[in-house]
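Letters go in sequence order (proteins before strands), and every chain restarts at 1. Keep in mind that what you see is a predicted model, and the values were worked out from it rather than measured.
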Amino acid sequence: MKNYLTNLFAASAEKLIYLKDVDISFSVPKSESHGDLSTNVAMLLTKQLKKNPRQIAEEIIKSLELDTNVITNVEIAGPGFINFHFSSEYVSQIIDNILTENEKFGKSDKYKGKTANVEFVSANPTGPLTIGHGRNAVLGDALATLLEYVGYDVEREYYFNNAGRQMRVLGDSVKLRYLEMLGETIEFPDDYYQGEYIKDIASSVIEEYGEKVKSEDAEGVFKQAAEQAIFTDIKNTLSRLGIIMKNFFNEHTLYTDKKIDGVLAAFKEKGLSYENEDAVWLKLTDMGNEQDKVIVKSTGEPTYRLPDIAYHINKFERNYDLIVDLFGSDHAATYPDVMAGCRALGYDTDKVKVMIHQFVTIMENGEIVKMSTRKANFVTIDELIDEVGADVVRYFFVMRNMNTHLNFELDLAKKQSDENPVFYLQYAHARIASILRMTEQENLKSSTEFLNLLIHPSEQRLIKKLHQFAEEILYAAENFEPNKVANYLEELAAIFHKFYTDCRILGSDKTLAEARIALAKAAQIVLRNGLTLLKVSTPERM
RNA sequence: GCGCCAGUAGCUCAAUCGGAUAGAGCAACAGCCUUCUAAGCUGUAGGUUAGUGGUUCGAGUCCACUCUGGCGUACCA
């Protein structure tokens with residue numbers, strides 16, 4: 001429909017020159033009485049033409065070569081909107097296209113041939129993934145899938161660090177538990193990892209080595225056992241959510257491959273770093289940032305900024321067209337430094353899209369639960385999936401705009417999960433499956449021969465909504481807003497349920513019934529494509 | 001103190017570059033199943049879009065200030 005109008009206006013622009021320099025866009029009005037599509041172009045031209053917008057609108061409409069079989073009415077409304085009403089015949093034919101495209105409907109090849117890297121989760125292997133990581137994992141995966149839907153070749157990547165102080169403490173924690181289990185009296189510091197999973201790992205060390213490793217360094221077998229066990233656990237959790245990473249990038253390789261040294265040398269050579277009190281500082285003030293920051297501590301150890309810069313340079317060198325980083329708001333302050341560093345070394349940071357999502361607040365018994373991996377005061381994703389299922393978990397995290405705080409009502413999610421909107425969507429899908437089973441028994445088939453019979457408002461509304469799917473996907477992908485897909489599907493499901501109530505299939509004339517079956521099938525295709533994109537299952541029965 | 005993100009119905013959230021009468025779900029109340037799934041549909045009620053000023057044809061959306069909450073502001077990651 002938009003394409004039709006775009007072409008129409010392009011033809012008119014030959015006559016009205018001023019239409020060539022203005023951005024003509026069409027939007028779906030909030031109120032149906034304002035037509036199917038509307039443009040504000042006349043109002044945008046008021047300043048330039050110094051004319052009343054309604055006058056301009058009239059001139060534009062006169063210039064349009066309208067086909068009354070397609071457009072039944074054009075009107076000027078309000079301050080100067082031009083509203084277009086499409087014919088029901090034109091609208092009903094849209095179904096044909098959806099059925100033909102089937103599982104491809106909604107995808108586009110706009111970015112075909114482009115590559116993207118999406119980095120997300122990136123939790124260090126110090127414990128199981130918590131609900132906090134869940135939001136990141138689900139959003140990141142949905143973003144990656146959206147990019148795939150519009151043509152990108154996408155790599156999902158997980159960046160981790162198994163070398164730092166956190167990991168040393170982890171190894172120590174396991175070793176202490178190990179010694180404890182072997183009967184030694186130990187003192188377990190408060191700031192060590194308190195979780196039960198540490199004991200599980202310790203007992204697996206006992207199983208494998210017995211008492212042999214008692215005098216081993218905590219950094220050795222203990223840390224390794226912990227890392228391995230935790231990573232296995234993390235990968236398993238991700239796979240329960242349908243997430244499969246292409247790459248696991250170990251920060252440590254940046255040291256062994258001398259990338260860290262290379263970056264350090266590059267900064268020095270360009271005069272972008274200096275030494276002060278035995279530490280190396282990056283001249284971020286010269287790059288437009290607030291203050292200089294330390295990149296190598298006086299101990300000789302780099303701060304996180306340095307490997308982060310080296311890591312991003314590595315990604316730049318892999319030549320992606322788009323690099324997406326997704327992390328929680330606690331990291332919001334770090335990326336401007338990292339980007340500034342990369343830019344100073346000549347890399348095109350416009351390719352990088354840094355996405356920041358706000359935190360998840362867990363509410364239990366009306367109180368906020370403070371989460372900390374260290375204190376083992378957390379709810380794991382696994383526990384949550386066990387309680388409510390992967391579909392609910394995925395949908396819950398993807399349904400909301402990432403830059404608002406997410407209140408996770410634990411009791412509500414557990415007890416009243418039936419009220420989760422995800423069931424509303426799945427129910428619509430299952431209902432259609434049921435219709436198709438039933439009509440088949442009655443020897444009715446889907447037919448596109450008499451689609452023009454679909455003139456009921458509920459039918460027309462449904463078709464128009466289905467038609468919008470492709471552009472909704474494109475919009476969601478280009479704006480990195482996966483929650484738009486969920487919002488769209490909820491609206492679609494509501495319109496379908498209304499159609500279901502208003503327009504019966506069994507009992508209608510055969511030609512009408514078969515046209516309605518075609519419409520139901522089209523609705524099922526769109527629901528399935530949307531839910532599949534979000535990796536939510538599409539049940540045939542509920 | 002400074003920076004970033006937010007504040008919309010009792011609760012959770014929408015509102016497509018600044019567009020027309022701010023919309024859904026849940027909760028509340030009143031209805032609809034002898035016919036394709038009632039996990040559904042219809043109706044009622046619920047709002048000074050945190051506040052004050054500004055920009056303009058037009059502001060929930062942009063600007064300034066104030067209030068409230070979250071996250072930062074390390075030679076932690």
Side-chain angles (χ1 to χ4, degrees), chain A residues 23 25 27-31 33-34 38 40 43-44 46-47 52-53 77-81 83 122-124 126 161 164-166 251 276-281 290-291 293-305 307-308 328-334 336 356-359 361 368 399-409 412 416 418-428 430-439 441-442 444 468 471-472 475-476 479 481 483-484 486-488 490-491 493-494 496-498 500-508 513 516-517 520 541-542:
Chain A
D23 185 23
S25 64
S27 61
V28 180
K30 281 181 194 167
S31 163
S33 60
H34 294 138
S38 173
N40 63 348
M43 286 179 285
L44 295 178
T46 46
K47 272 196 187 139
N52 180 318
F81 291 102
N83 297 337
S122 296
N124 287 337
T126 59
N161 167 17
R165 200 175 61 90
Q166 289 177 58
E251 178 186 321
N276 185 24
E277 294 178 2
D278 294 332
V280 181
W281 295 69
E290 292 247 324
Q291 51 185 312
K293 295 279 171 64
V294 169
I295 49 175
V296 181
K297 298 186 240 177
S298 51
T299 59
E301 242 180 320
T303 65
Y304 65 90
R305 281 184 195 86
D308 271 9
S329 61
D330 54 338
H331 286 238
T334 80
I356 293 177
H357 66 84
Q358 296 299 311
F359 271 24
T361 309
I368 295 171
M399 69 193 270
R400 279 168 202 164
N401 190 323
M402 72 173 82
N403 56 27
T404 67
H405 301 279
L406 179 58
N407 275 320
F408 200 116
E409 296 262 358
L412 198 91
Q416 306 184 355
D418 279 11
E419 286 164 12
N420 191 302
V422 70
F423 295 112
Y424 186 74
L425 307 185
Q426 292 181 315
Y427 186 63
R431 253 187 165 174
I432 297 171
S434 173
I435 292 174
L436 297 179
R437 281 193 299 271
M438 201 63 73
T439 51
Q441 277 177 19
E442 303 285 327
L444 291 165
Q468 284 166 26
E471 66 189 62
E472 291 282 349
Y475 181 88
N479 291 282
E481 292 185 55
N483 63 300
K484 296 285 178 196
N487 298 152
Y488 166 82
E490 282 175 41
E491 288 164 14
F496 169 75
H497 284 308
K498 177 75 172 139
Y500 177 90
T501 310
D502 293 346
C503 304
R504 311 294 286 184
I505 293 174
L506 295 182
S508 303
R516 283 179 173 169
I517 294 172
R541 295 169 203 273
M542 283 176 80

Do we see F81(A) stacking on the base of G19(B), given a limit of 5.5 Å between centres and 30° between planes? no
Protein-nucleotide distance (M542(A), atom CE; A38(B), atom C1'), rounded to Å: 13 Å
Is Y304(A) close enough to A77(B) that one of its side-chain N or O atoms is under 4.0 Å from OP1 or OP2 there? no
Each nucleotide N or O in nucleotides 2-11 of chain B that has a protein N or O under 3.5 Å away: list the pair and distance.
from  : atom 1 : to      : atom 2 : distance (Å)
C5(B) : O2'    : Q358(A) : NE2    : 3.3
C5(B) : O2'    : N403(A) : O      : 2.7

For a quick test of reading the model: is some side-chain N or O of R516(A) closer than 4.0 Å to OP1 or OP2 of C36(B)? no
Using the test salt bridge (charged side-chain N to carboxylate O under 4.0 Å, His left out), find all partners of D330(A) that sit at least two apart in sequence or belong to another chain. none
Among all residues two or more places apart in sequence or in another chain, which pass the salt bridge (charged side-chain N to carboxylate O under 4.0 Å, His left out) test with R431(A)? none
Which value, in whole Å, describes the distance between the P atoms of nucleotides G23(B) and A28(B)? 24 Å
Does N52(A) reach a base, just sugar-phosphate, or nothing at all? Heavy atoms under 4.0 Å. nothing
How would you label the contact of A77(A) with the nucleic acid (heavy atoms, under 4.0 Å): base, sugar-phosphate, or nothing? base
Pick the C1' atom in A9(B) and in C5(B), then give their distance to the nearest Å. 24 Å
I want to confirm an ordering. Mapping R431(A) and P29(A) to their closest nucleotides on RNA chain B, which one lands closer to the 5' end? P29(A)
List for me each residue that meets salt bridge (charged side-chain N to carboxylate O under 4.0 Å, His left out) alongside E481(A), sequence neighbours excluded, and say none if there are none. K484(A)
Could you list, one pair per line, each protein nitrogen or oxygen that sits under 3.5 Å from a nitrogen or oxygen of nucleotides 58-60 of chain B, together with the distance?
none

Mind calculating the distance between CG (N124(A)) and C1' (C76(B)) to the nearest angstrom? 12 Å
Can you sort out the partners of S33(A) under side chain to side chain donor-acceptor pair (under 3.5 Å), two or more places apart, ordered by chain and number? S31(A)
Can you measure M399(A) atom CE to U12(B) atom P for me and round it to whole angstrom units? 12 Å
Determine the contact category for S25(A): base if any of its heavy atoms lies under 4.0 Å from a base atom, sugar-phosphate if only primed atoms, P, OP1 or OP2 are that close, otherwise nothing. base
Is any side-chain N or O of K297(A) closer than 4.0 Å to OP1 or OP2 of C76(B)? yes
Scan Y427(A) against the nucleic acid and name what it touches under 4.0 Å (heavy atoms): base, sugar-phosphate only, or nothing. base
When rounded to the nearest Å, what value does the distance between C1' atoms of G25(B) and A14(B) take? 10 Å
Mind telling me if C62(B) is syn or anti? Syn here is a glycosidic angle within 90° of 0. anti
Could you tell me how far A59(B) sits from G53(B) if I compare only their C1' atoms? Round to whole Å. 14 Å
Could you tell me the separation between the CE atom of M438(A) and the P atom of C36(B), rounded to a whole number of Å? 7 Å
Test L406(A) against Q358(A) for side chain to side chain contact (heavy atoms under 4.5 Å, CB included), laying out the working first. CA-CA 7 Å; L406(A) 179 58; Q358(A) 296 299 311; over 6 Å; no
Choose from A20(B), C36(B), A77(B) the nucleotide whose nearest atom is closest to any side-chain atom of R504(A). C36(B)
Using the test side chain to side chain donor-acceptor pair (under 3.5 Å), find all partners of Q426(A) that sit at least two apart in sequence or belong to another chain. D391(A), S537(A)
Can you check the distance between A22(B) and G47(B), where both ends of the measurement are the C1' atom (answer in whole Å)? 9 Å
With rounding to whole Å, what would you report as the distance between C11(B) and U52(B) at their C1' atoms? 28 Å
Pick base, sugar-phosphate or nothing for D278(A), based on heavy-atom distances below 4.0 Å to the nucleic acid. nothing
Using atom C1' of each nucleotide, how far apart are G18(B) and U49(B) to the nearest Å? 16 Å
Criterion side chain to side chain contact (heavy atoms under 4.5 Å, CB included) on E491(A) and E472(A), from CA distance to verdict: CA-CA 12 Å; E491(A) 288 164 14; E472(A) 291 282 349; 5.6 Å; no
Between T439(A) (side chain only) and L444(A) (backbone N and O only), is there a donor and an acceptor less than 3.5 Å apart? no
Considering only heavy side-chain atoms of P79(A), the closest of A14(B), G19(B), A38(B) is G19(B)
Please determine, for the side chain of T501(A), which listed nucleotide (C75(B), C36(B), G40(B)) has the closest atom? G40(B)
Could you please spell out the steps behind the side chain to side chain contact (heavy atoms under 4.5 Å, CB included) verdict for Y500(A) and I435(A)? CA-CA 10 Å; Y500(A) 177 90; I435(A) 292 174; 3.8 Å; yes
Quick one: label V280(A) by what it contacts on the DNA or RNA (base, sugar-phosphate, nothing), any heavy atom closer than 4.0 Å. nothing
By side chain to side chain donor-acceptor pair (under 3.5 Å) - contacts of N52(A) (at least two apart): none
Separation of E490(A) atom CD from G40(B) atom C1', in whole Å? 15 Å
What N/O pairs connect the protein and nucleotides 28-34 of chain B at under 3.5 Å? Give each pair on its own line.
none

In this structure, how many angstroms lie between the P atom of C17(B) and the CD atom of E481(A), rounded? 11 Å
With rounding to whole Å, what would you report as the distance between G10(B) and A50(B) at their P atoms? 13 Å
Which residue lies more 5' along RNA chain B, comparing G78(A) with E491(A) via nearest heavy atoms: E491(A)
Scan D308(A) against the nucleic acid and name what it touches under 4.0 Å (heavy atoms): base, sugar-phosphate only, or nothing. nothing
Rounded to the nearest angstrom, tell me the gap between atom CG in L406(A) and atom P in G70(B). 16 Å
Is S27(A) touching bases, backbone alone, or none of the nucleic acid, heavy atoms closer than 4.0 Å? nothing
Using the salt bridge (charged side-chain N to carboxylate O under 4.0 Å, His left out) criterion, which residues pair with R305(A)? Sequence neighbours excluded. D337(A)
Measure the distance from CD on E301(A) to C1' on A74(B) and round it to the nearest whole Å. 14 Å
How would you list, by chain and number, every residue that makes a side-chain contact (heavy atoms from CB on, under 4.5 Å) with K498(A), sequence neighbours excluded? S458(A), D502(A)
Does E277(A) reach a base, just sugar-phosphate, or nothing at all? Heavy atoms under 4.0 Å. base
With heavy atoms under 4.0 Å as the rule, sort S434(A) into base, sugar-phosphate or nothing. base
Would you say C76(B) has OP1 or OP2 under 4.0 Å from some side-chain N or O of R165(A)? no
Ignoring hydrogens, what is the shortest heavy-atom contact between G80(A) and P53(A)? Give both atom names and the distance. CA-CB, 4.4 Å
Could you give me the stems involving RNA chain B, meaning stretches of three or more consecutive Watson-Crick or G-U wobble pairs whose two defining distances are both below 3.5 Å? B:1-7 with B:67-73, B:10-13 with B:23-26, B:28-32 with B:40-44, B:50-54 with B:62-66
